[in-house]
Amino acid sequence: MMRYEPDGQFWDAVISEYWERSPFVFEVPGEDAPYTAQAVFDAVAADGPRDRLDWMHLAASPTPSRVRDYVPLSLKQLGPRTEDGDWGGFFQRLRGKEFGLNVHNLGRRNPDLAQLAVLFDEHLSHVPDSPTPRRWELDTFAGTYRATPFGIHRDNASVFSFCLLGHRTVMLWEPDYFTPGQRDLTKPDADIIAKYAPDARALELRPGLGAYWPSGYWHVVLSDGNPFVVGQVSAYYDPADLGR
């Protein structure tokens with residue numbers, strides 16, 4: 001069983017400088033990583049019921065610019081399978097396709113990962129002057145899409161994202177930068193994203209790095225179109241506790 005336990009300086013820095021305040025990037029030495037690519041693959045490929053929020057989408061257009069330019073795929077039929085062996089085998093099977101997937105409840109699907117939610121809860125659920133998370137979620141994003149299929153958006157979640165494969169750029173804007181319902185939101189349109197990019201804070205991720213961003217930050221994730229995998233640990237809040 002894996003055991004992830006950053007030193008006290010990490011938790012002290014998160015609590016005093018970043019938690020629900022500011023995004024940052026941090027190093028994650030391989031021997032200290034909370035996730036391994038194989039452990040996350042094993043969780044996604046495991047038999048068992050899917051979470052209602054799990055999805056797998058295929059780009060139906062060479063240059064998707066709207067959510068409906070992606071079509072849903074069956075995770076059961078086309079998602080990672082045990083016989084793929086690992087992420088490399090899975091991406092080889094879907095080579096040439098632009099797609100993405102998001103699978104939740106990794107701790108239920110691979111019990112070796114379940115301790116991560118407990119660990120982050122112990123350190124961060126009772127930070128002074130911060131709302132108490134409603135729940136902790138372990139999930140993964142993987143694929144080859146060049147921009148998040150639902151474009152610039154925000155969540156009621158404080159997110160730690162650990163890069164396991166490939167390269168991703170997390171583009172972030174302050175919570176008051178956009179107005180909810182603004183027409184340029186939720187569109188994976190490269191031109192729209194480029195229009196706002198000069199005002200964004202860009203967090204570059206590759207294996208060996210992790211990123212954190214607070215709840216309420218507007219964000220979209222970009223890639224170079226090559227395979228990527230991240231494992232995430234997120235604290236979800238009640239919108240009322242965040243004043244929304």
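Keep in mind the model is a prediction, meaning the values are calculated, not measured.
Crowding of Glu83 atom CD: a count of heavy atoms from other residues, nucleotides or ligands under 6.0 Å exceeding 12. Under a cut-off of 6.0 angstrom, the local environment of CG in Asp199 is crowded, with over 12 non-hydrogen atoms contributed by other residues, nucleotides or ligands. Annotation for Glu17: atom CD counts as buried by contact number, over 12 foreign heavy atoms lying within 6.0 Å.
Scanning both residues, Gly210 and Val28, for their nearest heavy atoms gives N-CG2, 3.6 Å. When every heavy atom of Arg50 is checked against every heavy atom of Val103, the shortest pair comes out as NH1-CG1, 3.8 Å. Of all heavy-atom pairs between Pro207 and Gly166, the closest is CD-O, 3.1 Å. Taking both residues in full, the closest heavy atoms of Pro149 and Val67 are given as O-CG2, 3.7 Å, listed atom of the first, atom of the second, then distance. Heavy atoms only, all atoms of each residue included: Leu138 and Ala114 are closest at CD1-CA, 4.4 Å.
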Point to revise | Test side chain to side chain donor-acceptor pair (under 3.5 Å) applied to Ser215 and Glu20, step by step | key: CA-CA 7 Å; Ser215 64; Glu20 283 299 285; 2.6 Å; yes

Exercise for review: Check step by step if side chain to side chain donor-acceptor pair (under 3.5 Å) holds for Gln232 and Ser161.
Suggested key: CA-CA 4 Å; Gln232 300 195 151; Ser161 184; 3.0 Å; yes

**Study point:** Asp12 and Ser16: CA distance, side-chain angles, deciding distance, side chain to side chain donor-acceptor pair (under 3.5 Å) verdict
**Key:** CA-CA 6 Å; Asp12 290 345; Ser16 64; over 6 Å; no

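Residues Phe160 and Val14 form a side-chain contact, since some pair of their non-hydrogen atoms from C-beta on lies under 4.5 Å apart. Using a 4.5 Å heavy-atom threshold, the side chains of Gln38 and Asn110 count as separate. Phe162 is listed as a side-chain neighbour of Val233, based on a closest heavy-atom distance under 4.5 Å. Using a 4.5 Å heavy-atom threshold, the side chains of Val229 and Phe41 count as separate. The closest side-chain heavy-atom distance from Phe90 to Leu101 is below 4.5 Å. Under the 4.5 Å side-chain criterion, counting only non-hydrogen atoms from C-beta, Leu185 is in contact with Trp218. Taking 4.5 Å as the limit, every side-chain heavy atom of His167 sits out of range of all side-chain heavy atoms of Asn226. Contact annotation: the side chain of Asp155 never approaches that of Ser234 to less than 4.5 Å [non-hydrogen atoms, C-beta and beyond].
Taking the ring centroids of Tyr18 and Tyr217, they lie at or beyond the 6.0 Å cut-off. Centroid-to-centroid, the aromatic rings of Phe24 and Trp19 stay 6.0 Å apart or farther. In this structure, the ring of Tyr145 has its center no less than 6.0 angstrom from the ring center of Tyr70.
Cation-pi geometry between Arg134 and Tyr236 is not satisfied (NZ or CZ under 6.0 Å from the ring centre, within 45° of the ring normal).
A salt bridge between Glu204 and Arg206 is absent, with no side-chain N of the basic residue lying under 4.0 Å from a carboxylate O of the acidic one. Looking at Asp69 and Arg66, a side-chain N of the basic residue comes within less than 4.0 Å of a carboxylate O on the acidic one, giving a salt bridge.
A perpendicular orientation is assigned to the rings of Phe150 and His153, their planes being inclined by more than 60° (bins at 30° and 60°).
Hydrophobic clustering, with ILVMFWY side chains joined whenever heavy atoms are under 4.5 angstrom apart, keeps Leu222 apart from Phe99. Transitive grouping of hydrophobic side chains (ILVMFWY, heavy atoms separated by less than 4.5 Å) brings Leu106 and Leu116 into a common cluster. Cluster annotation: Val221 is not connected to Trp87 through the hydrophobic network of ILVMFWY side chains, with a link wherever side-chain heavy atoms come within less than 4.5 Å. The same ILVMFWY cluster, assembled from side-chain heavy atoms under 4.5 Å apart, contains both Leu209 and Leu203. Taken together through direct or relayed side-chain contacts under 4.5 Å among Ile, Leu, Val, Met, Phe, Trp and Tyr, Phe178 and Leu172 form parts of separate hydrophobic clusters.
Residue Phe120 is tested with Tyr212, Phe10, Trp11 for a ring pair (Phe, Tyr, Trp, His ring centres under 6.0 Å); the sole match is Trp11. A side chain to side chain contact (heavy atoms under 4.5 Å, CB included) with Val170 holds for exactly one of Thr148, Val25, Val230, Leu205; it is Leu205.
Of the possible polar contacts, one joining the Arg109 side chain to the Pro49 backbone as a donor-acceptor pair under 3.5 Å is found. Between the side chain of Arg146 and the main chain of Pro188, no donor-acceptor pair closer than 3.5 Å is present. In terms of modelled atom types and a separation under 3.5 Å, the side chain of Asn102 and the main chain of Thr140 share a donor-acceptor contact. Judged purely by atom type and a 3.5 angstrom limit, Thr36 uses its side chain to pair as donor or acceptor with the backbone of Ala39.
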